[in-house]
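Here is the structure we will look at.
So you know, we letter chains A, B, ... as the sequences are listed, proteins then strands, and number each from 1.
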Number of protein chains: 2
Amino acid sequence: MSAQSQLIEQVRQRLGPRGVITDPAEIEPWVSDWRGRVHGASAAVLAPSSTVEVAEIVRLAAEHRVPLVPQGGNTGMAAGATPPSDGSALLLSLRRMNRIRSVSAEDRCAVAEAGVILATLHDAANEVGMRFPLTLGARGSCTLGGLTSTNAGGTQVLKFGTMRALVTGVEAVLPDGSVHDGLSGLKKDNRGYSLDQLLIGAEGTLGVVTAVAVRLVPAIAQRAVAWTGLDSPSRALDLLRFLEARTGTVEGFELVPQDSLDLVLKHIPGTRAPLTGEHRWHALVEATTPDAHVDIAAELEALLGKALQQGIIADAAIASNEAQAEAFWKIRDSISEAERAEGQTLAHDISVAVADMPRFLVEASAEVERAFPGVIASGFGHLGDGNIHFHVRAASHASPDWYEAEGAAITRLVDDLVTAAGGSISAEHGIGQLKRAELERLSSPARIHALRAIKQALDPLGIMNPGKLVP
Amino acid sequence: MSAQSQLIEQVRQRLGPRGVITDPAEIEPWVSDWRGRVHGASAAVLAPSSTVEVAEIVRLAAEHRVPLVPQGGNTGMAAGATPPSDGSALLLSLRRMNRIRSVSAEDRCAVAEAGVILATLHDAANEVGMRFPLTLGARGSCTLGGLTSTNAGGTQVLKFGTMRALVTGVEAVLPDGSVHDGLSGLKKDNRGYSLDQLLIGAEGTLGVVTAVAVRLVPAIAQRAVAWTGLDSPSRALDLLRFLEARTGTVEGFELVPQDSLDLVLKHIPGTRAPLTGEHRWHALVEATTPDAHVDIAAELEALLGKALQQGIIADAAIASNEAQAEAFWKIRDSISEAERAEGQTLAHDISVAVADMPRFLVEASAEVERAFPGVIASGFGHLGDGNIHFHVRAASHASPDWYEAEGAAITRLVDDLVTAAGGSISAEHGIGQLKRAELERLSSPARIHALRAIKQALDPLGIMNPGKLVP
């Protein structure tokens, strides 16, 4: 019996039949990334329901030298939770670890297991009058373990930061099967290197995150959502700074080019333009407050009125009700879907310093369109974080294999431009499998050496998510 | 010529005479910790003035296998910057690296070299209408490099967090002499393990921090400082939560027992009791706002009035001017000095979960006083962070060698109690030399193994601050 078969059998004996899935039909949805670009193989899905069971599996995996691929909701953007295609590793699903261990309004803290769905945590916090502020498109299926392991961002980072700023403690099973318990809820703790911080964003390569303690903030009492039309990304940044200098309520600020808006209006049923005129660029602004006594819509309206007077924006519409607010957000959230409907698109999740983004966006788009005639390059998203989803669409006459034929060359150019601007080729999506080669190409040898040394130090047998993150 | 002498000579040749101090009189102030408890030796102080020079020194040190002890203002509490007494290592002073490279109100960010004094950064931020919110007693001499390397806390952590929450990027020379440049100013960056986070709090054992990018916040337009009298630590926490549920302005909240207040009034000239009656416990409250239009003193007064009505506090006084506010803070800041004037004191920088601190404080004090008859145990400080400076004073009849004779046993008991309560034996002061043995005694073997593995991976020659942090 192979080492893998022995491991599967031993896990079945210890965890019972629910702890091991071997039916190929049940495994199939989990061995490819959700965008269907990377296909892997796994003879079984190991499905522990407790930290003790995870530790047991990791100890057995170390004993048998069988690598494990931790997986949450399988909504990652870099195929970081997709097993190797040679079947050498086994999927370790955290989805059965789905208990919220505690939620406290008083302590402003929740402890959630790795398999808890983000939307479930949102609801649990809401029930005690609090809020977990991080959110993103996949909130109905992504898990806290995956969000932590990828240091996920989303649309509210501007005010609340990425997972790194919200996770106050990590429980994880280390590659030797020991349990690191960082859930103590200590606000201050200086007992040596922070394993918590090392595990956040490690994509499961240094251990299996089994639970996290997260910070909660007061629930939103009111929100106001506005759509603004403006001339340029630079004007959009002016608007953000104008607002931030005058209020602490802005928590969402998304840049949308006219081109993206047009695609949404064309392909997504039920959408309509928020403004009557034409504008080259748009910014979606969300302001919130936990204070029921402030009229946040009136405040935002007054500020946008001043911005209009000062020529920062050309037009603005404030959502007059929740349905309209949702309609504005739907435009933003549908851009990727509309692009896919239009044709082949190449996505890049990049960041540069916030102040540099307007110029970078204009210059990099021009550079890519010049180098690859016919393509359309544009960026949308989290301008206030210096993080733009820089997408390049195939020319209308492109051949069906454009993505395969030209994709790598275009990505190299984009990554070169980002790196030259002092930016990051992975702002919030991680490295996974898809960006490893580019990470190696564009990092200093010293940095690559350091990443490898840390990996080797903590996972000398190489059993934790092989082939991910570390070049 | 010994390896050390060769290194010193080569550094002198490359950096010039200002780069190497060998006059024993000039070296002497830096080889002991500032409290005078730990004495080391160093044949020279290497004093680079740029990152390039630091890198050169580290490369030479690696070549000659001569360990280096990075040092900033030498204000640490755990002797983390004190060289070994056998003279085997050389002090590497960062104090000549004292440039503020940039301060931007627009980007809400500053970049300061490791040797910049905290108060200097405060001033620089203030000049552009901004503020670096972390502060602590040693602000006139501690440096940004040391603050980063110890993940320092201080009195404003409640609202702004420790250095870890304020440092947005680290530049450091790694043990192989390569430069890690994390100063890009990116708000989102997921390119592999966070070396920045690993270096924060690493006490110079994984590399030499040469510069940091830090977050700035809007300058304070107004502050209000109040002194309250109350019955118990539990009531103090009630007060904090009462205030935090009603305002976002509280940024300082310090607990002071009557015993500490008495000592300050007795030993520190010019101090007087803020309240007329007697109270068993006190809480110093500081509220601030960047908004000039809010009457923050009136707001705090109204809230404290309600807290009085509800029986949470027994009395309160709001400082009527800046001089009075400073007088309130002076009481808090003078506690350690007053204790030293009174007699021998043993300090413990501990933390437990915020909600657990009131009970822990009462129970642990009783336990220590029971186990060591005659001593007085009390805690003061950052209740809102779950971080108390738990001090044990010798009995009035104690012998002069009480500290040496009983100190270790008392500390072991305190550390045992903290550990049993799920807390940390080092909340904000770090491990340095002084807490290494206790860290090893009270940590899981897996954690110690992980710390050693990381150290070995990044500093295989063991040249970075030997004998610190890692047991």
Side-chain angles (χ1 to χ4, degrees), chain A residues 104 106-107 150-151 153 157 162 164-165 174 176 178-180 184-195 197-198 200-202 206 241 351-355 382 385-387 422-431 439 443-447 449-451 453-458 469-470, chain B residues 104 106-107 150-151 153 157 162 164-165 174 176 178-180 184-195 197-198 200-202 206 241 351-355 382 385-387 422-431 439 443-447 449-451 453-458 469-470:
Chain A
S104 166
E106 196 164 60
D107 297 337
T150 57
N151 183 26
V157 170
T162 65
R164 198 179 287 289
L174 301 181
D176 62 2
S178 66
V179 176
H180 164 71
S184 57
L186 302 180
K187 285 203 175 177
K188 289 179 175 172
D189 184 10
N190 275 342
R191 286 176 292 175
Y193 312 140
S194 174
L195 293 187
Q197 290 293 335
L198 203 48
I200 296 170
L206 300 178
R241 287 182 160 155
S351 63
V352 298
V354 177
H382 325 300
D385 308 325
N387 172 208
S424 170
I425 62 166
S426 178
E428 58 178 2
H429 292 168
I431 298 299
L439 179 66
S443 301
S444 70
R447 176 163 174 81
H449 172 75
L451 296 184
I454 294 167
K455 168 73 175 174
Q456 172 68 23
L458 295 180
L469 191 148
V470 184
Chain B
S104 166
E106 194 164 63
D107 296 337
T150 57
N151 184 25
V157 170
T162 64
R164 199 179 286 290
L174 301 181
D176 63 1
S178 66
V179 176
H180 163 71
S184 58
L186 302 179
K187 285 202 175 179
K188 289 180 175 172
D189 184 10
N190 274 342
R191 286 176 292 174
Y193 313 140
S194 173
L195 292 187
Q197 290 294 337
L198 203 49
I200 296 170
L206 300 179
R241 286 181 161 154
S351 63
V352 299
V354 177
H382 326 300
D385 309 326
N387 171 206
S424 171
I425 62 166
S426 179
E428 59 178 3
H429 292 167
I431 297 299
L439 179 67
S443 301
S444 70
R447 176 161 174 83
H449 172 76
L451 297 183
I454 293 167
K455 168 73 176 175
Q456 173 67 24
L458 294 181
L469 191 147
V470 184

Identify which part of B:Ala202 has an atom lying under 4.5 Å from any heavy atom of chain A, answering side chain, backbone, both or neither. both

Verify, without hydrogens or angle tests, whether A:Asn190 (side chain) and B:Asn151 (backbone) share a donor-acceptor contact under 3.5 angstrom. yes

Contact class of A:Ala165 relative to chain B, heavy atoms under 4.5 angstrom: neither

Polar side-chain atom of A:Ser351 near backbone of B:Lys188 as donor-acceptor pair, under 3.5 Å: yes

Side chain / backbone / both / neither for B:Val470 at chain A, heavy atoms under 4.5 Å: side chain

Which one wins on heavy-atom pair count under 4.5 Å against chain A: B:His429, B:Glu106, B:Arg191, B:Lys187? B:Arg191

Among the options B:Ala453, B:Ser426, B:Ser443, pick out the one with the most heavy-atom pairs lying under 4.5 Å from chain A. B:Ser426

Which atoms of A:Arg241 come close to chain B, meaning under 4.5 Å heavy atom to heavy atom: side chain ones, backbone ones, both, or neither? side chain

Counting heavy-atom pairs under 4.5 Å with chain B, which one of A:Leu198, A:Asp189, A:Thr162 comes out on top? A:Asp189

With respect to chain A, which residue among B:Pro445, B:Gly192, B:Gly201 yields the maximal number of heavy-atom pairs within a distance under 4.5 Å? B:Gly192

Using a 4.5 angstrom heavy-atom cutoff, name the option from A:Ser444, A:Gly386, A:Ser194, A:Gly185 with the most pairs to chain B. A:Ser194

If you count heavy-atom pairs under 4.5 Å between each of A:Gly430, A:Ala427, A:Ala446 and chain B, which one has the most? A:Ala427

Below 4.5 Å, heavy-atom pairs only: which of B:Gln456, B:Arg164, B:His180, B:His449 has the largest tally toward chain A? B:Arg164

Nearest heavy-atom pair of B:Ala457 and A:Ala457: which atoms, and what distance? CB-CB, 3.5 Å

Non-hydrogen atoms of chain A under 4.5 Å away: do they reach the side chain of B:Thr150, the backbone, both or neither? backbone

Answer with side chain, backbone, both or neither: which region of B:Ile200 has an atom nearer than 4.5 Å to a non-hydrogen atom of chain A? neither

Answer yes or no: is there a donor N or O on one side and an acceptor on the other, between the side chain of B:Asp107 and the main chain of A:Ala355, under 3.5 Å? no

Turns out that what part of A:Val179 lies under 4.5 Å from chain B's heavy atoms comes down to neither

Contact leader toward chain B among A:Asp385, A:Ile431, A:Val352, where contacts are heavy-atom pairs under 4.5 Å: A:Asp385

Please classify the contact of B:Leu439 with chain A as side chain, backbone, both or neither, using a heavy-atom distance under 4.5 Å. side chain

Do the non-hydrogen side-chain atoms of B:Leu195 and A:Arg447 ever get within less than 4.5 Å of each other? yes

Closest approach of A:Leu451 to B:Tyr193 (non-hydrogen atoms, all atoms of both residues): O-CE1, 3.5 Å

